[in-house]
Number of protein chains: 2
Amino acid sequence: MKGKETRAHLDREQVLAAAAGLVKQHGPGALTMRKLAAELGTAVTSIYWHVGNREQLLDALVERTVADLGEIRPTGAAPAQRIASVARALRRLLRDHPHLIAMVHERGLTERMFLPAQRALVHEVHAAGLRGARAADAVRAVQVHVVGHVLVERNRERAPVQRPGEQELWDARTAEQDPALARALARPPDTERLFALSVRALVAGLLEPPSGD
Amino acid sequence: MKGKETRAHLDREQVLAAAAGLVKQHGPGALTMRKLAAELGTAVTSIYWHVGNREQLLDALVERTVADLGEIRPTGAAPAQRIASVARALRRLLRDHPHLIAMVHERGLTERMFLPAQRALVHEVHAAGLRGARAADAVRAVQVHVVGHVLVERNRERAPVQRPGEQELWDARTAEQDPALARALARPPDTERLFALSVRALVAGLLEPPSGD
DNA sequence: ACCTGAACACCGTTCAAGT
DNA sequence: ACCTGAACACCGTTCAAGT
């Protein structure tokens, strides 16, 4: 039922594939050496021969996942629109690999994961007329914003009903002054719209000529 | 040496305090029921009587930490500056409680944690002239940006040397076109500056009158 | 070169038994 | 009402032994 065929030797590739399957289905926490061994039909200790230990196994898994994330193709005409399109693509990438961020984050491979998006961003930011350190800042600011958004967004989805109940938190003075605001904050946010909107604002702010000093 | 005095009964408060100590010193991962029992000088099973189980213990811990996060006091004259000051304060709050974000995130209590900052942001955004849904969007955009920044920043600090070595990633065409940009991206970022800069850009973009439709 | 089982030091949690 | 030890079902990892 697991599709086990005749097999001369266990393979590093097979171990990684099976591990990837477990992570994909139930998250990194579900990847135990023993379950993995069971899945592969071998002794637990065989796995150690091929991948070292659990830590190194996760490292290899992240490496492999990051490796085939694929390119990012900007769309749109105006520079600001093209940058925003990269942000959208990056968000999609992260959302399509829900367990990746956590693993990457724990392993300190964030920069590595961002590489495709960073390349695209660098190109577009340059096209928008930013140079040198200012361009680098813009690239990083957009990256950071996307990560933050995806993380908060995911948290929302996993815990749909927030425990204190947001409604009761916004009935006080705020509600009197601006009922629409209170209502908007009590409602769950339209994350799609919020993302588009905040990226637009951020990019606009970044592309503007520096004020003052 | 642990300051254990005569004690009639173990107390829920004592359990929480000891647990908070363990988390503060070595992170949530180091909080095991057995270590905690050893710390308290009781049987492991006593803890269960007072706090239910590990999950509920962590819940209580988060609740307590969030409860005494304290107020956020905006500074500055112009609305944009005051909003930025709230962002800075929120960043400081999160940085001062390094283990909090992860725990809160895992528990789906993000909204709850943000409450003090959200109140302050609502007030300032309102003062800046935004109303209703647009004000709510601005508040949320700033929140998301701060979280993203702190997370990426913390990741940086924990893994100071990124494995692929960023230098070699930026020597190609980019370096020819804009050596200063390549150099800037190869260097570790000045997170303090990047934060100030990106918040300023975001806030500026959010406060601007909507363009087009 | 590759696989194995036994063993060690850890976990969280339950439960029946104590006071 | 509160605490206890024994027991269960899990972990990751090491090691000596097999082929």
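The CG-P distance, from A/Leu57 to D/dG12, rounds to 10 Å in whole Å. Between the C1' atom of D/dC11 and the OH atom of A/Tyr48 lies a distance of 9 Å, rounded to the nearest Å. Here the C1' atom of nucleotide C/dG12 and the CZ atom of B/Arg34 are 7 Å apart, to the nearest Å. In this structure, B/Met33 atom CE and D/dA7 atom P are separated by 21 Å, rounded to whole Å. Atom C1' of nucleotide D/dC10 and atom CZ of B/Arg54 are separated by 15 Å, given to the nearest angstrom. Remark: P of D/dT4 and CD1 of B/Ile47 are 10 Å apart, rounded to the nearest angstrom. When the C1' atom of D/dA16 is taken as reference, atom CH2 of A/Trp49 falls 17 Å away, rounded to whole Å. If you take CD of A/Gln56 and P of D/dG12, they are 14 Å apart, rounded to a whole angstrom.
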Can A/Asp96 and A/Arg92 be said to form a salt bridge (charged side-chain N to carboxylate O under 4.0 Å, His left out), step by step? CA-CA 6 Å; A/Asp96 287 351; A/Arg92 174 132 306 282; 3.5 Å; yes
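A close approach under 4.0 Å does not occur between any side-chain nitrogen or oxygen of A/His9 and OP1 or OP2 of C/dA1. An OP1 or OP2 oxygen of C/dA1 is reached within less than 4.0 angstrom by no side-chain nitrogen or oxygen of A/His50. Under 4.0 angstrom from either OP1 or OP2 of D/dC10 there lies no side-chain N or O belonging to A/Lys35.
Residue contacts shown for B/Thr32 are limited to sugar-phosphate atoms, with no base heavy atom under 4.0 Å away.
Using a 4.5 Å heavy-atom cutoff, the side chains of B/Ser198 and B/His145 are in contact. Within the 4.5 Å cutoff, side-chain heavy atoms of A/Leu69 are placed close to those of A/Leu100.
A cation-pi arrangement is found for A/Arg91 relative to A/Phe195, the charged atom lying closer than 6.0 Å to the ring centre and inside a 45° cone about the ring normal.
A donor-acceptor contact under 3.5 angstrom links the side-chain atoms of A/Thr45 to the base of C/dG5.
The pair B/Arg34-B/Glu39 does not meet the salt-bridge criterion, since no charged nitrogen lies less than 4.0 angstrom from a carboxylate oxygen. Between A/Glu71 and A/Arg119 there is no salt bridge, since none of the side-chain N atoms of the basic residue sits less than 4.0 Å from a carboxylate O of the acidic one. Note on B/Arg88 versus B/Glu192: no salt bridge recorded, every NZ/NE/NH1/NH2 to OD/OE distance being 4.0 Å or above.
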For DNA chain D, what dot-bracket results from Watson-Crick or G-U pairs at under 3.5 Å, with [ ] for crossers and | for inter-strand partners? ||.|||||...|||||.||
